[in-house]
Trainee: 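Here it is: the structure, laid out below.
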Amino acid sequence: MSGHDSKYFSTTKKGEIPELKEELNSQYKDKRKDAVKKVIAAMTVGKDVSSLFTDVVNCMQTENLELKKLVYLYLINYAKSQPDLAILAVNTFVKDSQDPNPLIRALAVRTMGCIRVDKITEYLCDPLQRCLKDDDPYVRKTAAICVAKLYDINAELVEDRGFLESLKDLISDNNPMVVANAVAALAEIQENSSRPIFEITSHTLSKLLTALNECTEWGQVFILDALSRYKAADAREAENIVERVTPRLQHANCAVVLSAVKMILQQMELITSTDVVRNLCKKMAPPLVTLLSAEPEIQYVALRNINLIVQRRPTILAHEIKVFFCKYNDPIYVKMEKLEIMIKLASDRNIDQVLLEFKEYATEVDVDFVRKAVRAIGRCAIKLERAAERCISVLLELIKIKVNYVVQEAIIVIKDIFRRYPNTYESIIATLCESLDTLDEPEAKASMIWIIGEYAERIDNADELLESFLESFPEEPAQVQLQLLTATVKLFLKKPTEGPQQMIQVVLNNATVETDNPDLRDRAYIYWRLLSTDPEAAKDVVLAEKPVISDDSNQLDPSLLDELLANIATLSSVYHKPPEAFVTRVKTATPRTDDDDYPNGSDPGYSDAPSQVVDGGASPQTSSSSPYTATRQQAPPPAAPAPAAPVPDLLGDLIGLDNSAIVPVDEPADSSAPSLPILLPASTGQGLQISAQLTRQDGQIFYSMLFENNSQIPLDGFMIQFNKNTFGLAAAGPLQVPQLQAGTSARTLLPMVLFQNMSAGPPSSILQVAVKNNQQPVWYFNDKIFLHVLFTEDGRMERGSFLETWRSLPDSNEVPKDLPGIVINNAEATLDQLAASNMFFIAKRKNANQDVFYFSAKIPRGVPFLIELTTVIGNPGVKCAIKTPNPDIASLFFEALESLLKA
Amino acid sequence: MPVAASAIYFLNLRGDVLINRLYRDDVGGNMVDAFRTHIMQTKELGTCPVRQIGGCSFFYMRISNVYIVIVVSSNANVACAFKFVVEAVALFKSYFGGAFDEDAIRNNFVLIYELLDEIMDFGYPQNLSPEILKLYITQEGVRSPFSSKPTDRPVPNATLQVTGAVGWRREGLVYKKNEVFLDIVESVNLLMSSKGSVLRCDVTGKILMKCFLSGMPDLKLGLNDKIGLEKESQLKSRPTKSGKTIELDDVTFHQCVNLTRFNSEKTVSFVPPDGEFELMKYRITEGVNLPFRVLPTIKELGRTRMEVNVKVKSVFGAKMFALGVVIKIPVPKQTAKTSFQVTSGRAKYNASIDCLVWKIRKFPGQTEPTMSAEVELISTMAEKKSWTRPPIQMEFQVPMFTASGLRVRFLKVWEKSGYNTVEWVRYITKAGSYEIRC
């Protein structure tokens with residue numbers, strides 16, 4: 001029964017919108033329906049059809065359910081951009097919510113909840129109240145979710161109208177799906193509130209466990225996830241709960257299985273009987289293994305979770321290591337995770353088998369996988385003392401294959417093995433030395449040099465070997481230089497003959513006078529001083545016995561592991577990070593909240609997040625004026641605490657990213673929003689004043705604009721156009737500003753794209769803008785492009801690559817500039833501030849009384865900037881030098897930098 | 001939080017949005033651009049199915065020529081999200097008659113919008129059973145009754161069935177002939193070392209069911225698994241009948257199976273959905289009967305010549321036979337010339353996959369055909385690295401054979417009208433990933 005909808009995508013060349021308008025108003029039903037389909041098709045491919053709003057809404061009153069659904073879909077997408085017109089739909093919604101057909105009643109409530117427009121929300125309350133008590137379970141289950149939607153828009157309203165109570169009543173509903181949705185809604189509301197709203201008592205617990213048997217698979221997930229927060233009173237209760245949850249392990253739906261595992265693991269912490277625990281472990285193993293025959297993406301999620309589970313309960317899968325053997329055709333992300341788990345499960349019993357596998361993997365094609373396999377052998381050697389010798393012999397076999405990256409990886413792990421088992425396996429050093437010439441990776445080189453230095457007395461030609469590295473000392477990466485320095489000192493201390501003495505002179509000279517690397521220089525000076533004052537003390541320091549290292553394959557901190565296990569199946573368990581590390585959403589503080597009365601610990605993810613609330617900017621009290629700020633506050637990106645830069649326009653960020661991309665807000669600018677520079681003063685614009693600035697948020701460039709209508713007439717039909725400019729900045733969508741009544745204002749965030757209409761000629765920071773509306777002539781004004789708006793989030797460079805890039809660029813690409821008026825008083829604050837604008841700190845050194853800072857930044861299309869700032873803290877005057885492949889935009893860079901440092 | 005998605009996108013391979021649906025407004029509509037620039041257009045694509053970009057996380061799957069991308073900004077339930085995608089695709093396929101690709105999406109976008117609205121609400125998955133959804137979401141749309149005549153409803157209790165305890169079967173089905181078809185389909189996964197020892201071996205099986213039954217029947221399925229039989233003999237207090245019993249490592253069931261009852265009584269009882277569905281999946285690692293043994297000897301003679309000898313032994317009953325047997329033996333990229341001798345089937349060199357491919361259409365049990373090949377290589381100086389041998393792979397199907405030894409002992413059908421049912425059972429074993437290192 002394949003459809004033929006694709007015909008709706010074909011467009012008539014011009015005049016599409018007027019044509020659609022005409023068809024929408026046709027007297028024939030079928031024609032109207034086809035027209036709506038065309039509108040939806042246009043919407044799907046991203047065309048702006050918001051101007052047809054009234055015409056589409058007129059089709060809403062229909063008895064054709066399919067047509068009605070399409071109109072509703074249109075409303076969800078465009079109501080926010082036409083809030084005044086959206087009110088036209090309210091009557092039909094309210095009427096539909098009383099339709100005799102339950103499908104229509106539910107549809108009306110479901111859709112109204114998706115339309116986040118104040119005026120619609122007001123009218124939602126009465127229908128919602130009715131639907132929560134509807135006779136039909138389908139309507140009730142839809143209404144339950146709708147309460148969560150409404151809470152997200154206006155929490156206060158939900159509490160005032162008593163919806164929370166109605167929702168709690170639904171937990172006792174006789175229909176399992178209604179129960180499940182009510183639980184989901186309550187759990188979500190609880191997560192976003194700091195007051196206790198949904199507390200699971202032992203009574204609700206048993207009710208929900210019963211409902212579990214009858215729910216759909218998804219309902220089971222909702223219930224299990226909600227119940228996993230429940231803390232059983234004692235071991236007996238925990239056992240009872242577990243007993244009722246274990247049948248879920250046999251479910252075909254992986255989400256049900258993982259949620260059940262989560263709940264069982266939580267309760268197991270309380271269970272004291274070792275028999276019961278052992279039995280549970282036995283029961284959990286098969287379903288976990290079965291997850292590995294699902295789709296690769298699901299396998300990946302399962303493997304990340306199993307990684308956590310075996311850290312807490314290694315016995316569960318102790319005998320199942322074979323299922324983690326990699327299949328030749330497994331996707332690389334599955335192979336990598338399997339390898340990690342194999343290391344964790346490796347034991348004296350299975351190590352021979354495991355080593356054979358690792359050896360096999362070390363000959364595969366994918367380089368990253370091969371490296372990880374080699375490293376895995378080393379990690380097993382460190383972990384299992386009795387197997388160390390076998391691991392080493394496998395490594396030696398691999399070295400003999402002479403595949404370059406295998407050899408290098410092997411040498412890196414062998415260094416660690418030497419650290420773990422000193423004075424045991426040094427006999428293999430000779431074999432290692434044979435591969436010396438092939439090493440070209442810093443870490444491998446550094447490891448080999450460390451080995452030579454550490455065992456200098458056993459290697460006859462240690463001095464020759466080290467000497468061969470010395471010639472290239474200045475070109476080596478810092479990691480290798482540091483090891484060379486230390487190894488030469490060790491050699492000298494162990495064999496204080498003439499050769500090493502000369503070498504040490506060369507090295508110390510290289511590492512002090514010739515280098516810019518402060519770490520290297522500091523270390524060299526310390527050695528120098530030690531050697532010159534007291535060689536015996538030097539021996540004690542440099543040749544001191546090293547602490548034995550241990551295996552790092554169980555690296556997660558126990559408390560973090562606890563938290564991650566409580567989050568099984570969620571993103572947190574996949575990233576192995578606590579939720580607050582990547583969720584930027586902050587819990588709502590409802591006006592009557594008293595934060596302290598909420599028992600700590602029931603939601604560890606949020607209990608220690610008050611700093612984010614503070615940083616969020618807008619105070620919760622503004623909630624009454626704007627529903628959006630009440631429910632969502634964007635926390636600053638973790639890398640940049642307290643961004644002082646004029647970046648986040650809070651209001652805009654919260655709502656501006658929506659599907660219609662740009663949304664105006666009726667209210668005048670919030671006082672906390674940054675003030676924008678006035679580009680078109682009211683005096684020039686016949687009463688229209690436009691302020692605007694380019695900003696960067698979440699990796700996107702926006703043109704943040706404020707329109708103020710000080711004229712006597714309403715203005716509408718705003719449009720914007722950008723002239724060709726150096727970076728080809730252009731609007732990513734049409735400007736959407738509602739009709740501006742006299743004396744009102746509107747703010748908008750216009751998403752921008754780069755490289756659209758690029759101008760030829762020398763680079764310039766000028767951005768020429770034209771704005772028009774239906775009532776006035778076209779207004780032209782100029783804005784300035786500050787380069788830092790273009791700095792991308794991925795501009796951070798590693799030290800090594802920074803140095804390399806700096807060296808690789810010819811000196812002609814270096815542009816110096818004095819910024820005499822700038823004072824840096826607080827280096828920390830400045831670094832933070834620059835980081836907030838994606839200018840990343842690399843290193844710092846002192847040069848006499850001056851501080852020299854290095855930064856990196858990148859603009860799109862991968863053009864890097866390497867920046868050196870020299871200043872005396874607290875004194876005016878900053879010297880700046882940059883190196884970049886595009887020195888012709890240096891002047892723009894300095895303009896941006898100056899404005900950033902001044903801010 | 002069991003939220004599975006804030007938005008879902010269907011993209012073609014170029015990254016154009018075919019259709020999308022925003023369920024929550026905590027992610028923006030342009031977030032998919034980030035996916036395009038940071039994942040699709042980089043070599044990150046395919047390295048990890050869960051990625052964080054800025055404040056949002058992306059989960060994606062590729063199905064034929066479509067990327068399905070889920071965007072969230074909260075700590076969403078990833079397992080739930082992926083499973084939702086898998087189930088949604090199955091649902092769309094059942095609506096479109098099997099195909100799910102770019103064209104199918106374009107041709108059915110109205111229907112997909114409608115389904116997306118129904119199967120997920122505010123990011124929470126709802127009922128995804130095709131059986132039930134087809135009651136009230138059809139290609140042409142259900143005509144709504146005139147509001148003055150509520151009795152005219154086209155599907156009087158669709159809503160009750162969506163939310164009901166038996167949310168996968170509608171009431172009032174009538175068939176003239178009541179039939180049930182059971183297909184036991186097993187995949188054997190094998191990883192064998194070059195020395196012939198079994199490194200890993202398991203069978204993943206599924207029982208596919210096609211039901212054409214009237215009314216609301218209660219079904220009970222009996223297999224020759226050890227635990228089930230033991231439980232049964234315990235209950236009836238008579239000893240287990242002799243015969244082969246097998247041990248299932250793990251079983252998972254379709255949501256229609258009563259899990260609590262399975263847990264306590266070890267019986268598989270259920271009210272089936274109408275039509276075709278997957279009743280259960282199982283996994284077995286002990287006592288697997290491998291249908292084929294592969295004995296390869298590959299000799300590299302100097303730098304330019306290789307000798308490949310492969311013997312394949314069928315170890316199932318002589319009266320049975322395997323179909324569509326394909327053995328793929330990898331050879332180096334620089335293969336220039338090959339010559340073959342086979343005692344059965346045909347062999348040739350396939351340069352696009354760098355393999356010698358030996359096909360035997362019908363392969364009787366208890367036979368052992370051989371293939372020997374001579375491979376000449378172009379000698380290249382550039383190829384410093386020695387050739388790493390990928391494993392030999394094998395495909396086959398053996399009808400009426402189960403590698404696990406699983407048998408259906410009975411399938412009982414109860415319905416209050418007491419009709420008779422005809423049951424059909426078929427067995428087939430296929431190769432899963434059947435790999436022999438060499």
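The figures that follow rest on heavy atoms only: side chains count, while hydrogens, waters and symmetry mates do not.
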Trainee: Do you know which of B:Val17, B:Asp16, B:Leu128, B:Val85 has the most heavy-atom pairs with chain A at a distance under 4.5 angstrom?
Mentor: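 Of B:Val17, B:Asp16, B:Leu128, B:Val85, B:Leu128 has the most heavy-atom pairs under 4.5 Å with chain A.
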
Trainee: Cut-off 3.5 Å, side chains only: do B:Tyr113 and A:Thr44 have a donor facing an acceptor?
Mentor: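 There is such a pair (donor and acceptor under 3.5 Å, judged by atom type) between the side chains of B:Tyr113 and A:Thr44.
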
Trainee: Do A:Lys37 and B:Val110 have side-chain heavy atoms sitting under 4.5 Å apart?
Mentor: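 Sidechains of B:Val110 and A:Lys37: in contact.
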
Trainee: Can you tell which of B:Val86, B:Leu191, B:Asn189 has the highest number of heavy-atom pairs within less than 4.5 Å of chain A?
Mentor: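 That would be B:Val86.
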
Trainee: Which bit of B:Lys281 comes within less than 4.5 Å of chain A, counting heavy atoms only: side chain, backbone, both or neither?
Mentor: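 Neither part.
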
Trainee: Can a salt bridge be assigned to the pair A:Glu188 and B:Arg24 using a cut-off of 4.0 Å between side-chain N and carboxylate O?
Mentor: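 A salt bridge is present here (some side-chain N lies under 4.0 Å from a carboxylate O).
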
Trainee: Determine whether the side chains of B:Gln126 and A:Asn181 contain a donor N or O and an acceptor N or O closer than 3.5 Å.
Mentor: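 Side chains of B:Gln126 and A:Asn181: pair found under 3.5 Å.
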
Trainee: Measure distances from B:Leu199 to the heavy atoms of chain A and classify the residue's part below 4.5 Å as side chain, backbone, both or neither.
Mentor: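 Both parts, backbone and side chain.
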
Trainee: Taking the side chain as every heavy atom from C-beta outward, state whether A:Asn213 and B:Asn258 have any pair of such atoms under 4.5 Å apart.
Mentor: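 A:Asn213 vs B:Asn258: side chains apart.
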
Trainee: In Å, rounded to the nearest 0.5 Å, how long is the span from CD of A:Glu360 to OG of B:Ser193?
Mentor: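 Answer rounded to 0.5 Å: 9.0 Å.
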
Trainee: Relative to chain A, which segment of B:Thr204 carries a heavy atom at a distance below 4.5 Å: side chain, backbone, both, or neither?
Mentor: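 Just the side chain, heavy atoms under 4.5 Å.
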
Trainee: Out of A:Arg140, A:Glu295, A:Gln220, return the one with the most heavy atom pairs under 4.5 angstrom to chain B.
Mentor: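 Answer, by heavy-atom pair count under 4.5 Å with chain B: A:Glu295.
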
Trainee: Report yes if the side chains of B:Tyr136 and A:Tyr138 come closer than 4.5 Å at any heavy-atom pair, otherwise no.
Mentor: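 Yes - at least one pair of side-chain heavy atoms lies under 4.5 Å apart.
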
Trainee: Would you call A:Lys69 and B:Asp117 a salt bridge, using N to O less than 4.0 angstrom?
Mentor: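 Salt bridge absent between A:Lys69 and B:Asp117.
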
Trainee: Is it the side chain or the backbone of A:Ile332 that comes within 4.5 Å of chain B heavy atoms, both, or neither?
Mentor: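 For A:Ile332, the side chain is the part near chain B, not the backbone.
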
Trainee: Without hydrogens or angle criteria, can the side chains of A:Thr570 and B:Asn77 be said to hold a donor-acceptor pair below 3.5 Å?
Mentor: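 Note: A:Thr570 and B:Asn77 side chains miss the donor-acceptor criterion.
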
Trainee: Can you tell me which portion of B:Arg261 sits under 4.5 Å from chain A's heavy atoms? Options are side chain, backbone, both or neither.
Mentor: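 Contact with chain A is absent: no heavy atom of B:Arg261 under 4.5 Å.
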
Trainee: With no hydrogens and no angle check, do the side chains of A:Thr216 and B:Asn127 hold a donor and an acceptor under 3.5 Å apart?
Mentor: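 No - no donor-acceptor pair under 3.5 Å links their side chains.
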
Trainee: Checking A:Thr111 against chain B: side chain, backbone, both or neither under 4.5 Å from a heavy atom?
Mentor: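 When you check distances to chain B, no heavy atom of A:Thr111 falls under 4.5 Å.
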
Trainee: Against chain A, label B:Phe59 side chain, backbone, both or neither, depending on which of its atoms sit under 4.5 Å from a heavy atom there.
Mentor: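 Interface part for B:Phe59: side chain.
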
Trainee: Tell me, out of B:Pro49, B:Ala99, B:Gly98, B:Pro391, who's got the most heavy-atom pairs with chain A below 4.5 Å.
Mentor: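 The residue among B:Pro49, B:Ala99, B:Gly98, B:Pro391 with the greatest pair count is B:Pro49.
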
Trainee: Just verifying a value: how many Å separate B:Lys206 NZ and A:Ser293 OG, rounded to the nearest 0.5 Å?
Mentor: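 The NZ atom of B:Lys206 sits 10.0 Å away from the OG atom of A:Ser293.
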
Trainee: Under 4.5 Å from any heavy atom of chain B, what part of A:Lys95 do you find: side chain, backbone, both or neither?
Mentor: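 Contact with chain B is absent: no heavy atom of A:Lys95 under 4.5 Å.
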
Trainee: Using heavy-atom distances under 4.5 Å, tell me whether B:Ser433 contacts chain A through its side chain, its backbone, both, or neither.
Mentor: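 Interface part for B:Ser433: side chain.
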
Trainee: From B:Cys48 SG over to A:Arg304 CZ, what is the distance, rounded to the nearest 0.5 angstrom?
Mentor: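 B:Cys48 SG to A:Arg304 CZ: 7.5 Å, rounded to 0.5 Å.
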
Trainee: Could you give the distance from CZ (A:Phe582) to CD (B:Gln52), rounded to the nearest 0.5 Å?
Mentor: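 These two atoms lie 7.0 Å from each other.
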
Trainee: Would A:Lys141 and B:Asp121 pass as an ion pair if we require N to O under 4.0 Å?
Mentor: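 Salt bridge absent between A:Lys141 and B:Asp121.
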
Trainee: Under a 4.5 Å cutoff for heavy-atom pairs, which residue among B:Tyr60, B:Tyr282, B:Phe109 has the most contacts with chain A?
Mentor: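 Among the listed options, the one with the most contacts to chain A is B:Phe109.
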
Trainee: Tell me, side chain or backbone of B:Phe262 under 4.5 Å from chain A's heavy atoms, or both, or neither?
Mentor: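 The side chain, not the backbone.
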
Trainee: So what's closer than 4.5 Å to chain B heavy atoms on A:Leu73: side chain, backbone, both or neither?
Mentor: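 The side chain, not the backbone.
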
Trainee: Please classify the contact of A:Leu107 with chain B as side chain, backbone, both or neither, using a heavy-atom distance under 4.5 Å.
Mentor: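 Answer is side chain: those atoms of A:Leu107 sit under 4.5 Å from chain B.
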
Trainee: Based on non-hydrogen pairs under 4.5 Å, which of A:Asn329, A:Val45, A:Leu258 is most in contact with chain B?
Mentor: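 Looking at each of A:Asn329, A:Val45, A:Leu258 in turn, A:Asn329 comes out on top.
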
Trainee: A:Leu70, A:Val178, A:Val289: which one forms the most heavy-atom pairs within less than 4.5 Å of chain B?
Mentor: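 Between A:Leu70, A:Val178, A:Val289, the count favours A:Val289.
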
Trainee: Between chain B and each of A:Pro331, A:Gly113, A:Ala255, count heavy-atom pairs under 4.5 Å; write down the option with the most.
Mentor: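 If we count pairs closer than 4.5 Å to chain B, A:Ala255 comes out on top.
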
Trainee: Looking at A:Val334, A:Val301, A:Thr290, which has the largest count of heavy-atom pairs under 4.5 Å with chain B?
Mentor: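 So the answer, after comparing A:Val334, A:Val301, A:Thr290, is A:Thr290.
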
Trainee: For B:Val257, is it the side chain, the backbone, both or neither that has a heavy atom under 4.5 Å from a heavy atom of chain A?
Mentor: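 Contact with chain A involves no heavy atom of B:Val257 at all.
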
Trainee: Taking atom CD of A:Glu243 as the centre, report whether more than 12 heavy atoms of other residues, nucleotides or ligands fall under 6.0 Å from it.
Mentor: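 Check fails, neighbour count at 12 or below.
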
Trainee: Is it the side chain or the backbone of A:Ala41 that comes within 4.5 Å of chain B heavy atoms, both, or neither?
Mentor: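 The answer is both parts of A:Ala41.
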
Trainee: Can you tell which of B:Met61, B:Arg437, B:Glu118 has the highest number of heavy-atom pairs within less than 4.5 Å of chain A?
Mentor: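 Greatest number of close heavy-atom pairs with chain A: B:Arg437.
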
Trainee: Could you tell me if the side chain of A:Tyr328 sits less than 4.5 Å from the side chain of B:Gln393, heavy atoms only?
Mentor: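 Yes; the side chains approach each other to less than 4.5 Å.
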
Trainee: What is the distance from atom NZ of B:Lys83 to atom CD of A:Glu217, rounded to the nearest 0.5 Å?
Mentor: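 If we round to the nearest 0.5 Å, B:Lys83:NZ and A:Glu217:CD are 7.0 Å apart.
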
Trainee: Are the side chains of B:Tyr124 and A:Trp218 in contact, using a 4.5 Å heavy-atom criterion?
Mentor: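 They are not in contact (no side-chain heavy atoms under 4.5 Å apart), so the answer is no.
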
Trainee: I'd like to know if the side chain of B:Asn75 pairs up with that of A:Glu580 as donor and acceptor (distance under 3.5 Å, no hydrogens or angles considered).
Mentor: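 Checked: B:Asn75/A:Glu580 side chains show no N/O donor-acceptor pair below 3.5 Å.
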
Trainee: Can you tell which part of A:Cys114 gets under 4.5 Å to a heavy atom of chain B, answering side chain, backbone, both or neither?
Mentor: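 The answer is the side chain of A:Cys114.
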
Trainee: Of the non-hydrogen atoms in A:Leu571 and B:Ser74, which two are nearest, and what is the gap between them?
Mentor: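 Heavy atoms of A:Leu571 and B:Ser74 come nearest at CD1-O, 3.5 Å.
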
Trainee: Checking the side chain of B:Arg200 only, and the main-chain atoms of A:Val323 only, is there a donor and an acceptor separated by less than 3.5 Å?
Mentor: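 No; zero donor-acceptor contacts below 3.5 Å.
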
Trainee: Considering only heavy atoms, which portion of A:Ala226 lies under 4.5 Å from any heavy atom of chain B: side chain, backbone, both, or neither?
Mentor: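 Looking at A:Ala226, nothing touches chain B.
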
Trainee: Is the closest side-chain heavy-atom distance between B:Asp25 and A:Arg116 below 4.5 Å?
Mentor: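 Yes, close enough: below the 4.5 Å cut-off.
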
Trainee: Output the option from B:Gly54, B:Cys80, B:Pro125 having the highest count of non-hydrogen pairs under 4.5 Å with chain A.
Mentor: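 Highest number of heavy-atom pairs under 4.5 Å: B:Pro125.
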
Trainee: What verdict does the side-chain contact (heavy atoms from CB on, under 4.5 Å) test give for A:Tyr333 and B:Thr47, after you've listed the backbone C-alpha separation in whole Å, the side-chain angles of each residue and the deciding distance to 0.1 Å?
Mentor: CA-CA 6 Å; A:Tyr333 52 85; B:Thr47 56; 5.8 Å; no

Trainee: With chain B as the partner, which of A:Lys402, A:Arg248, A:Gln353 has the greatest number of non-hydrogen pairs under 4.5 Å?
Mentor: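 Top count of heavy-atom pairs under 4.5 Å with chain B: A:Arg248.
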
Trainee: Please tell me if the side chains of B:Asp249 and A:Glu320 come closer than 4.5 Å, counting only heavy atoms from C-beta onward.
Mentor: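 SC-SC contact between B:Asp249 and A:Glu320 ruled out.
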
Trainee: How long is the gap from CG on A:Leu291 to OG1 on B:Thr252, to the nearest 0.5 Å?
Mentor: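 OG1 of B:Thr252 is found 9.0 Å from CG of A:Leu291.
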
Trainee: Can you find a heavy atom in the side chain of A:Tyr575 that is under 4.5 Å from one in the side chain of B:Ser57?
Mentor: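 Answer yes - side chains close enough.
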
Trainee: List the steps, then state whether side-chain contact (heavy atoms from CB on, under 4.5 Å) holds for B:Val198 with A:Lys322.
Mentor: CA-CA 11 Å; B:Val198 175; A:Lys322 277 188 179 184; 5.8 Å; no

Trainee: Chain A heavy atoms under 4.5 Å from B:Asp250: which part of the residue, side chain, backbone, both or neither?
Mentor: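 B:Asp250 touches chain A through backbone and side-chain heavy atoms alike.
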
